[in-house]
Amino acid sequence: MQLKKLTDSDTLEFFMVDNSVSMELPFFASKISAGFPSPADDYVELKLDLNQHLIKHPAATFYVRVKGNSMIDANIHEGDILIVDRALEAKNNDIIIGVLNGEFTVKRLKKTKSGIVLNPENTEFKPIKISSDADFQIWGVISYIIHKA
């Protein structure tokens, strides 16, 4: 997966998807046990291109590097890379990239009878209720989170 820098933001860095190069990596067809160890196979059966598995809509997909810690309880940490699909329709409880009054933010979308609320996933931050006069747009839906183990 290659990253191309698109723009800078105070809170997020955006990168375009580069599907011009296929990078097939070895993929072990046998599953890895998370419980008791199992005998390992000594060979690789398949090749795996992460773009094929992680990117459903290449023309509408971007990578975003996270700055800040408002989403740590959703396992999104500073420096993580989010895969954002702008072709997906945001549903209640999705983690989204929103643009609120000209600023990008990563939050969990809550659709209620009284309106839209952007919930952080960190108790140190307060939810943001979107007022009817706010300049708000859902920019994209987070489809995957990539972070270092």
Side-chain angles (χ1 to χ4, degrees), residues 1-34 44-149:
M1 212 172 343
Q2 298 203 355
L3 303 180
K4 286 184 177 178
K5 193 163 187 175
L6 183 61
T7 63
D8 281 326
S9 172
D10 289 337
T11 57
L12 302 170
E13 289 181 289
F14 291 83
F15 302 88
M16 293 173 35
V17 172
D18 181 2
N19 279 337
S20 63
V21 177
S22 176
M23 186 194 308
E24 292 184 347
L25 302 172
F27 179 66
F28 291 89
S30 61
K31 296 189 170 149
I32 302 296
S33 174
V44 176
E45 290 186 23
L46 305 170
K47 296 284 186 177
L48 173 74
D49 184 346
L50 291 177
N51 283 328
Q52 291 177 347
H53 292 276
L54 301 179
I55 311 298
K56 301 295 184 235
H57 306 104
T61 300
F62 294 83
Y63 301 106
V64 178
R65 186 176 311 275
V66 176
K67 293 183 183 177
N69 61 358
S70 72
M71 295 298 289
I72 58 173
D73 292 335
N75 207 19
I76 298 174
H77 302 273
E78 178 139 359
D80 287 354
I81 295 173
L82 306 177
I83 299 179
V84 183
D85 191 333
R86 298 194 70 199
L88 297 176
E89 184 176 335
K91 300 180 304 290
N92 190 44
N93 284 325
D94 280 349
I95 298 175
I96 58 121
I97 300 288
V99 182
L100 179 59
N101 299 323
E103 294 185 28
F104 286 97
T105 188
V106 180
K107 297 290 181 279
R108 186 169 304 276
L109 178 68
K110 294 289 186 176
K111 295 180 179 180
T112 67
K113 291 180 181 178
S114 60
I116 293 176
V117 177
L118 302 179
N119 279 338
E121 297 280 333
N122 181 335
T123 57
E124 294 180 20
F125 294 84
K126 295 183 180 193
I128 303 167
K129 183 167 174 37
I130 304 299
S131 65
S132 59
D133 62 337
D135 181 15
F136 174 71
Q137 171 185 349
I138 296 172
W139 195 80
V141 176
I142 307 303
S143 56
Y144 290 95
I145 303 163
I146 303 171
H147 64 260
K148 191 173 184 177

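Small disclaimer: the values here were computed from a predicted structure and weren't measured.
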Using the side chain to side chain donor-acceptor pair (under 3.5 Å) criterion, which residues pair with Ser70? Sequence neighbours excluded. Lys107
What residues form a side chain to side chain contact (heavy atoms under 4.5 Å, CB included) with Asn69, not counting sequence neighbours? Ile72, Asn122, Phe125
Residues that Tyr144 engages under side chain to side chain contact (heavy atoms under 4.5 Å, CB included), provided they are two or more places apart: Leu54, Ile83
Does Lys67 offer a backbone N or O that forms a donor-acceptor pair with the side chain of Glu78 under 3.5 Å? no
Nearest 0.5 angstrom please: Ile116 CD1 to Asn92 CG, how far? 10.0 Å
What distance do Ile145 atom CD1 and Met71 atom CE have between them, rounded to the nearest 0.5 Å? 7.5 Å
Distance from Thr112 atom OG1 to Lys129 atom NZ, nearest 0.5 Å? 5.5 Å
Could you report the tightest heavy-atom contact between Ala74 and Ile95, atom names first, then the distance? CB-CD1, 4.0 Å
Just how far is it from atom CD1 of Ile96 to atom OG1 of Thr105, taken to the nearest 0.5 Å? 7.5 Å
Going through the checks in order, is the side chain to side chain contact (heavy atoms under 4.5 Å, CB included) test met by Phe104 and Val64? CA-CA 11 Å; Phe104 286 97; Val64 178; over 6 Å; no
Without swapping roles, check the side chain of Asp94 against the backbone of Leu109 for a donor-acceptor pair under 3.5 Å. no
Results of side chain to side chain donor-acceptor pair (under 3.5 Å) for Lys110 - residues two or more places apart only: Asn93
Measure the spacing between CD1 of Ile146 and CG of Leu82 and express it to the nearest 0.5 Å. 8.5 Å
Any salt bridge (charged side-chain N to carboxylate O under 4.0 Å, His left out) involving residues 133-149? Give me the pairs, sequence neighbours left out, ordered by first then second residue. none
Smallest separation among heavy atoms of Val141 and Ala90, with atom names: CG2-CA, 3.7 Å
With no hydrogens and no angle check, do the side chains of His53 and Asn51 hold a donor and an acceptor under 3.5 Å apart? no
Among residues at least two apart in sequence or on other chains, which ones pass side chain to side chain contact (heavy atoms under 4.5 Å, CB included) with His57? Ala60, Thr61, Asp85, Ala87, Leu88
Working to the nearest 0.5 angstrom, can you tell me the gap between Leu118 CG and Lys126 NZ? 16.0 Å
Classify the ring geometry of Phe62 against Trp139: parallel below 30°, tilted from 30° to 60°, perpendicular beyond 60°. tilted
